[in-house]
Protein chains: 2
Amino acid sequence: MREPRTFPGTATTPVARPAPLRQAVYDVLIELIVGGVLQPGQHLIEAELAVNLGVSRQPVREALLRLQSDGWVELRPAQGAFVHSPTVEEAAQLLSVRAVLETHAAHGAAQYATGADIARLWELQAAGIAALSADDARGIVEANAALHGFITELARNPILAELIRQVDRRVRWYYMPIARPRGKDAWNEHAEIIDRIAVGDADRAEALMHQHTRTTTDFYCRQLSAVPRARA
Amino acid sequence: MREPRTFPGTATTPVARPAPLRQAVYDVLIELIVGGVLQPGQHLIEAELAVNLGVSRQPVREALLRLQSDGWVELRPAQGAFVHSPTVEEAAQLLSVRAVLETHAAHGAAQYATGADIARLWELQAAGIAALSADDARGIVEANAALHGFITELARNPILAELIRQVDRRVRWYYMPIARPRGKDAWNEHAEIIDRIAVGDADRAEALMHQHTRTTTDFYCRQLSAVPRARA
DNA sequence: CAGACTCAGATTGCATACAGAAGCCTATAT
DNA sequence: ATATAGGCTTCTGTATGCAATCTGAGTCTG
């Protein structure tokens, strides 16, 4: 067998290539931004970051470049990187974009979900209900993300999934400090959506997801106007 | 006046900063990929590109990094950059994502468009009709892009606009070699959409755009299945 | 003759070095 | 006292150098 065949069943990642440093730096910097260590508007000095992270400027530069593509920092020519300062308008825009993307994902999920997928959806739903009963705020947020993320996967559209992932991360960054989860209503809506996905009713699943994300958006926007400049 | 004020009316770009080389390299490489000089799957050697473009490896590296973020090349660790090989599935996914994003843009446009905006929309529409009458294929494509692009602008959502821009560029790359414009029907649909935007009927504008993009998607997908592996 | 091993060339990833631009502080003139 | 001009420091942008790694050809062995 000389010819390099791909084995049908085995989805082997190519044996864990040596992860580039830029990736590690990228991850750490996002952690620092999300965690508030690096504050919005702050000037990120390459050399300083390099020393703190124990690498040279090169991987830091490459990480900053990607952070710019993903909307985390702004790169002003000849001035360097500044942590992006999210605005209220931008938060609303991110929410609305995420809403339409997830609505579309629900449509696709209803088309492609298998029996096993449905079972998994109900598991995730149950986990969310459990966290809700236990009043476990962190658990609720995680369960919600897991459920929405799995629905996204079910749409069998990696392009869509990647966009949602990017948008969602930025939304969560902005709302993490102020947002509280929505509560029981959201999970009732989830149940309805799963119901429609289960029977392959794509249009109805889409409509319900549209309603759900819209309600969530409004819910967050109200909190937003209540705390207008929480992170100046 | 010591304090640095931003002037309300003037949307001045900050006086043309020295454009970094990486930007120029990035633009040139996209040209080369779109133009077919660099073919899908081809291994891009940093040093080679650097020599050809008359710069060092550094700007080339940075450009390649951004090209990866935007889906133009794949960067395999320790192996370098390879021009992305688009698949039929991916093309369909890009089309469907672009459709939902533009549908959302139409909704926003209907909410925010001013009288002047409407006038501009009809101008762009007229330009498209003119190109159609003149049987100017290139002109039709450009007019179509201009009209859709302006509708996107009208949604007053830069996040959405940026996503559409990225997705649209990749779609156009894939379809440029095989696609023919749709013809008269598309422009009739445009007219209806503009009508609804003009009167601020967001829901109807959204529905019409949904229909329009869906038809366009189907139209392209048919051409796609007719030329399955045009660019292997 | 097939297959595994070795070694050399090539290429990436990271580090360092250098030049130019931007911002800041100070000194000076009005 | 305020505004301005000039020099200085800092940081980015670009170039180059070096080590590790991957690929492929050639060779050796069963």
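In this text the structure is predicted, and so the values were computed from the model without any measurement. The analysis underlying the following values was restricted to heavy atoms, covering all of them including side chains, and did not include hydrogens, waters or symmetry mates. Every chain is numbered from 1 and lettered A, B, ... according to where its sequence line falls, protein lines coming before strand lines.
- In this structure, B/Phe82 places its CZ atom 13 Å from P of D/dC22, rounding to the nearest Å.
- Atom pair B/Glu62:CD and C/dC14:P shows a separation of 14 Å (rounding to whole Å applied).
- Checking D/dC22, C/dC14, D/dA15 against the side-chain heavy atoms of A/Leu21 singles out C/dC14 as nearest.
- Under the side chain to side chain donor-acceptor pair (under 3.5 Å) criterion, A/Asp70 pairs with A/Tyr26, not counting sequence neighbours.
- For an aromatic pair to be called close, the ring centres must be under 6.0 Å apart, and A/His212 with A/His148 satisfies this.
- For B/His43 and C/dA10, the shortest distance from a side-chain N or O to OP1 or OP2 is not below 4.0 Å.
- Taking every side-chain heavy atom of A/Glu46 into account, D/dG13 is the closest of D/dG13, C/dT12, C/dA15.
- Atom P of nucleotide C/dC14 and atom CG of A/Leu53 are separated by 13 Å, given to the nearest angstrom.
- Residue B/Ile45 places its side chain closer to C/dT12 than to any other of C/dT12, D/dT14, D/dG13.
- For B/Arg57, no side-chain nitrogen or oxygen approaches OP1 or OP2 of D/dA15 to under 4.0 Å.
- Separating the CG atom of B/Leu64 from the P atom of C/dT12 is a distance of 9 Å, rounded to the nearest angstrom.
- Between the CD atom of B/Gln58 and the P atom of D/dG17 there is a distance of 14 Å, given to the nearest Å.
- Using a 4.0 Å heavy-atom cutoff across all strands shown, A/Arg22 reaches sugar-phosphate atoms only and no base atom.
- Judged by distance alone, the side chain of A/Gln42 and the main-chain N or O of A/Gln39 form a donor-acceptor pair under 3.5 Å.
- The interatomic distance linking B/Arg76 (CZ) with C/dT11 (C1') rounds to 14 Å, in whole Å.
- With contacts defined as side-chain heavy-atom distances shorter than 4.5 Å, the pair A/Arg66/A/Arg22 does not qualify.
- A 4.5 Å side-chain heavy-atom check between B/Pro158 and A/Gln93 finds at least one atom pair inside the cut-off.
- B/Leu44 comes within 4.0 angstrom of sugar-phosphate atoms only, judged by non-hydrogen atoms across all strands, and of no base.
- Summarising the geometry, the separation between CD on A/Glu48 and P on D/dT9 is reported as 20 Å, rounded to the nearest angstrom.
- If you take CD of B/Gln79 and C1' of D/dA20, they are 14 Å apart, rounded to a whole angstrom.
- Here the side chain of B/Arg61 is nearest to one of D/dA15, C/dG13, C/dA15, namely C/dG13.
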